[in-house]
2 protein chains.
Amino acid sequence: MKTHRMSDQPCFALYSAVNAITRAYRPLLDPLDLTYTQYVVMMTLWEQDGVDLRTLAERTHLDPPTLTPVVKRLEGKGLLHRGRVPGDERRLVLTVTEAGRRLRQEARDVPEMMLCQVGLSPAEERQLRALCDQIRHTLATGRRPPDAAAANPPAGKHQGRP
Amino acid sequence: MKTHRMSDQPCFALYSAVNAITRAYRPLLDPLDLTYTQYVVMMTLWEQDGVDLRTLAERTHLDPPTLTPVVKRLEGKGLLHRGRVPGDERRLVLTVTEAGRRLRQEARDVPEMMLCQVGLSPAEERQLRALCDQIRHTLATGRRPPDAAAANPPAGKHQGRP
DNA sequence: CTCCTTCTGTTCGCGCGCTAATTATTAGCG
DNA sequence: CGCTAATAATTAGCGCGCGAACAGAAGGAG
């Protein structure tokens, strides 16, 4: 019988690391009056706004029911505008306001400060990002990406689909 | 100016991967009537019970205010007992019940099924665990572990402490 | 013994993150 | 045109995860 110790589980390591990162982000984001999720949403909209809620959900990998209250709070802070597509009253149009663009300048050093706090080398960052993206992709599609399947055979016998 | 695209941020990759993992765990844990956090707590107590809340908090890397309602729900399901140290009414003693031990058998395949779903090779698992443990340790102690500091110089100039 | 400090656990308040159900609007089809 | 199906967003309900404030028991100095 294998160990099955909690500390040996990669998922638990990930889970604990993310909790630690969220704690570490708080002091950086408190001066901006943002939570980490709100920061993720703003960062996504800074890249490209004028999108609807579903598009935002796909780009953040979050669900619409999670995002609805988040964007409402961000609208309440005056950082974005929740409009509707003219001609289709169902679809939202999320637009960053002038205040939201100003906040972008205040937040411009956050990613680099965060990277330094987690203390990874550039090579380790790339490794970690690749592994996490692979996990997310595998779980989202239900199978491994074809290129990784050849190079790195998975561990056990409980394949999700044969 | 560097990219600062959301998809380039290792922290965002971690955050999204953990959300995906939590979603993936749900169908595995629903038959056991456990959430992922409850599963983590039970797994930790299966390793060693008879501990107090602070010890459980250290081993799960969670806070007492998070764990109090979790262990109360687990007690409500009859999986563990919340007693007090005789002679020190402050300290809890968390003990797995007979039903809790039975659940351990039902849950014995969960870790392996989970590992297969995330689709990592054993080597990738080790890499990921090492990176996550390093992040958590760095953020918890405020500096990098001495061995890693020599081998992998960190990226930028915003060192938390000089 | 009494005050005061320390330690353990709990409560409070807020913001996610998700599933399921609901509402409102549009598209499609006869 | 009118009915139905679809689509987009929201609401409802639950369980974290955490900082801050609190309650109560134990320990220690005078």
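Below, chain A is the first sequence line, B the second, and so on; all start at residue 1.
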* **Pair Arg101(B) + Glu98(B), salt bridge at N-O below 4.0 Å** => yes
What's the closest nucleotide to the side chain of [X] if the choices are [options]?
X: Thr66(B); options: dA26(D), dC16(D), dT10(D); value: dC16(D)
X: Asn19(B); options: dA26(D), dG17(C), dT19(C); value: dG17(C)
X: Pro65(A); options: dC12(C), dA26(D), dT11(D); value: dT11(D)
X: Arg90(B); options: dA26(D), dG17(D), dC16(D); value: dA26(D)
X: Leu92(B); options: dC18(C), dG9(C), dC16(D); value: dG9(C)
X: Val70(A); options: dC16(C), dA9(D), dA26(D); value: dC16(C)
X: Thr68(A); options: dA9(D), dT8(C), dT19(C); value: dA9(D)
X: Gln38(B); options: dT8(C), dC18(D), dC16(D); value: dC16(D)
X: Thr35(A); options: dT10(D), dC16(C), dT10(C); value: dC16(C)

Can you measure [X] atom [atom1] to [N] atom [atom2] for me and round it to whole angstrom units?
X: Tyr39(B); N: dC16(D); atom1: OH; atom2: P; answer: 15 Å
X: Arg91(B); N: dT10(C); atom1: CZ; atom2: P; answer: 13 Å
X: Asp52(B); N: dT10(C); atom1: CG; atom2: P; answer: 11 Å
X: Leu53(B); N: dT10(C); atom1: CG; atom2: C1'; answer: 9 Å
X: Arg136(B); N: dG17(D); atom1: CZ; atom2: P; answer: 15 Å
X: Leu14(B); N: dG17(C); atom1: CG; atom2: P; answer: 14 Å
X: Lys77(A); N: dC14(C); atom1: NZ; atom2: P; answer: 13 Å
X: Asp30(A); N: dG19(D); atom1: CG; atom2: P; answer: 10 Å

Kindly say if [X] contacts the phosphate of [N], meaning a side-chain N or O under 4.0 Å from OP1 or OP2.
X: Thr37(A); N: dG17(C); value: yes
X: Arg84(A); N: dT26(C); value: no
X: Arg73(B); N: dC16(D); value: yes
X: Tyr36(A); N: dG15(C); value: no
X: Lys72(A); N: dT11(D); value: yes

* For dA9(D), what is the paired nucleotide under Watson-Crick or G-U wobble rules, both distances under 3.5 Å? ->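 Matched dA9(D) with dT22(C) under the 3.5 Å cut-off.
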* Asked: Hey, does Tyr15(B) reach any base, or is it just sugar-phosphate, or nothing, if we go heavy atoms under 4.0 Å?
  ->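 Sugar-phosphate, backbone atoms only, no base.
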* Asked: Which is true for Leu67(B) with a 4.0 Å heavy-atom rule: it touches a base, it touches only sugar-phosphate, or it touches nothing?
  -> nothing
* To do: With DNA chain C as reference, determine whether Pro69(A) or Gly87(A) sits nearer its 5' end, using the nearest nucleotide of each.
  => Pro69(A)
* Hey, mind stepping through Asp52(A) and Thr55(A) against side chain to side chain donor-acceptor pair (under 3.5 Å) and telling me if it holds? -> CA-CA 6 Å; Asp52(A) 63 2; Thr55(A) 304; 2.5 Å; yes
* Asked: Taking atom types as modelled and ignoring hydrogens, do the side chains of Tyr15(A) and Thr37(B) form a donor-acceptor contact shorter than 3.5 angstrom?
  ->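 There is such a pair (donor and acceptor under 3.5 Å, judged by atom type) between the side chains of Tyr15(A) and Thr37(B).
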* Structure fact -> Result for 5'-nearest mapping on DNA chain D, choosing between Val93(A) and Arg26(A), is Val93(A)
* Show your reasoning for whether salt bridge (Lys or Arg N to Asp or Glu O under 4.0 Å) applies to Arg84(A) and Glu89(A). => CA-CA 6 Å; Arg84(A) 297 279 174 172; Glu89(A) 285 299 312; 5.2 Å; no
Just wondering, do [Y] and [X] contact through their side chains at under 4.5 Å, heavy atoms?
X: Val118(B); Y: Thr138(A); value: no
X: Met43(B); Y: Arg5(A); value: no
X: Leu80(B); Y: Asp49(B); value: no

